[in-house]
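Quick caveat: nothing in here was measured; it's all calculated off a predicted structure. Counting starts at 1 for both ligands and their atoms, following the listed order.
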Amino acid sequence: MTPSAYRIEPLQRQHDRKSFSCGSAELDRYLAQQARQAAGKHVAASFVLVDSKSATGLGYYTLSAAVLNADELPPDLAKKLPRYGQLPVTLLGRLAVDQRLRARGMGEFLLLDALHRSLEAAAGIAAMAVVVDAKDESAASFYRHFSFASLQKKPARLFLPMKSVALLFA
Ligand SMILES: CC(C)(COP(=O)(O)OP(=O)(O)OC[C@H]1O[C@@H](n2cnc3c(N)ncnc32)[C@H](O)[C@@H]1OP(=O)(O)O)[C@@H](O)C(=O)NCCC(=O)NCCS
């Protein structure tokens, strides 16, 4: 099936989350056991990848509001911004694709959907960047592939300015 045979929708009770397996037990467990409760408590919103035939979760990502200390940004970017100590961002907390669907463009499909959703939300509640916490070097390299850059002092935390996200969809 091509990516067009798949869609991404807000996590609902009817989604099967038990069979999801992405190679990270923590990310599998989160979807199976914690994601619904986190969404219900407005801590993290989850969005799942499903195909046209079933409600089986084949991938997912989460989004939350967050703040960033301005001194974590590269100085050349920070000096162009208003001098607030903390800045609003959108946190892409988790993103994973089931192992059965790897290397078929689904990670990119999920990431672009997350960025587009973040951009739309930022028109109503400002966020100056999308931030991710890469769980390992492979995850960091995935995000760098899409132009995310490491924050100062915290190389595992990467960001993409919302201006760049806007250009992506312009
Ligand atoms: C990282 C992950 C989401 C990638 O998903 P995927 O569906 O296999 O990736 P895609 O097929 O969409 O790849 C899209 C592009 O990213 C590149 N890419 C994929 N994984 C990459 C990696 N680890 N490092 C660098 N580039 C990567 C692909 O080569 C492809 O590039 P191209 O478009 O230029 O050909 C997936 O491997 C995964 O779920 N890993 C376990 C969970 C995880 O690490 N999540 C991220 C942090 S929470």
Side-chain angles (χ1 to χ4, degrees), residues 1-11 15-39 41-68 72 89-119 121-122 127 129-162 164-170:
M1 276 194 272
T2 61
S4 61
Y6 295 85
R7 61 182 192 282
I8 296 166
E9 52 193 32
L11 178 63
H15 288 128
D16 169 18
R17 290 156 281 143
K18 296 273 186 273
S19 63
F20 182 73
S21 171
C22 73
S24 158
E26 192 273 327
L27 289 171
D28 294 349
R29 197 165 44 243
Y30 182 85
L31 182 63
Q33 297 173 13
Q34 294 167 258
R36 280 265 306 156
Q37 200 183 27
K41 293 186 187 300
H42 303 283
V43 171
S46 286
F47 299 89
V48 289
L49 175 74
V50 292
D51 67 25
S52 50
K53 290 187 259 168
S54 75
T56 301
L58 300 167
Y60 78 100
Y61 66 80
T62 66
L63 294 176
S64 307
V67 291
L68 185 68
E72 292 175 54
V89 295
T90 298
L91 176 67
L92 175 55
R94 294 174 171 83
L95 186 152
V97 173
D98 193 284
Q99 284 171 319
R100 290 167 288 178
L101 279 182
R102 282 292 163 73
R104 289 163 62 179
M106 297 302 161
E108 178 171 2
F109 184 36
L110 283 164
L111 179 60
L112 291 180
D113 192 78
L115 294 177
H116 190 254
R117 201 179 295 276
S118 301
L119 178 64
V130 175
V131 170
V132 296
D133 284 316
K135 66 175 183 55
D136 55 28
E137 185 43 44
S138 171
S141 114
F142 173 72
Y143 290 119
R144 278 194 213 102
H145 185 76
F146 293 97
S147 303
F148 281 74
S150 285
L151 288 169
Q152 307 260 98
K153 301 176 215 161
K154 283 187 191 161
R157 181 162 260 214
L158 297 97
F159 77 103
L160 186 64
M162 201 59 82
S164 306
V165 179
L167 284 174
L168 199 59
F169 296 106

The answer, listing residues by chain and number that come under 4.0 Å of ligand 1 through any heavy atom, is C22, L27, L95, A96, V97, R102, A103, R104, G105, M106, G107, E108, K135, S138, A139, S141, F142, Y143, H145, F146
Quick one: does R157's side chain have a donor or acceptor within less than 3.5 Å of a partner on Q152's backbone?
no
(message) Quick check against the 3.5 Å criterion: does T62 have a side-chain atom that pairs as donor or acceptor with the backbone of R94?
(response) yes
Note to self: So does S54 get a backbone contact from the side chain of D51, meaning a donor-acceptor N/O pair under 3.5 Å?
What the structure shows: yes
Between the side chain of S64 and the main-chain N/O of L91, is any donor-acceptor distance below 3.5 Å?
-> no
request  = Using modelled atom types only, decide if a donor and an acceptor are shared between the side chain of D28 and the backbone of C22 within a distance under 3.5 Å.
outcome  = yes
Check whether more than 12 heavy atoms from other residues, nucleotides or ligands sit under 6.0 Å from atom CD of Q99, and answer yes or no.
yes
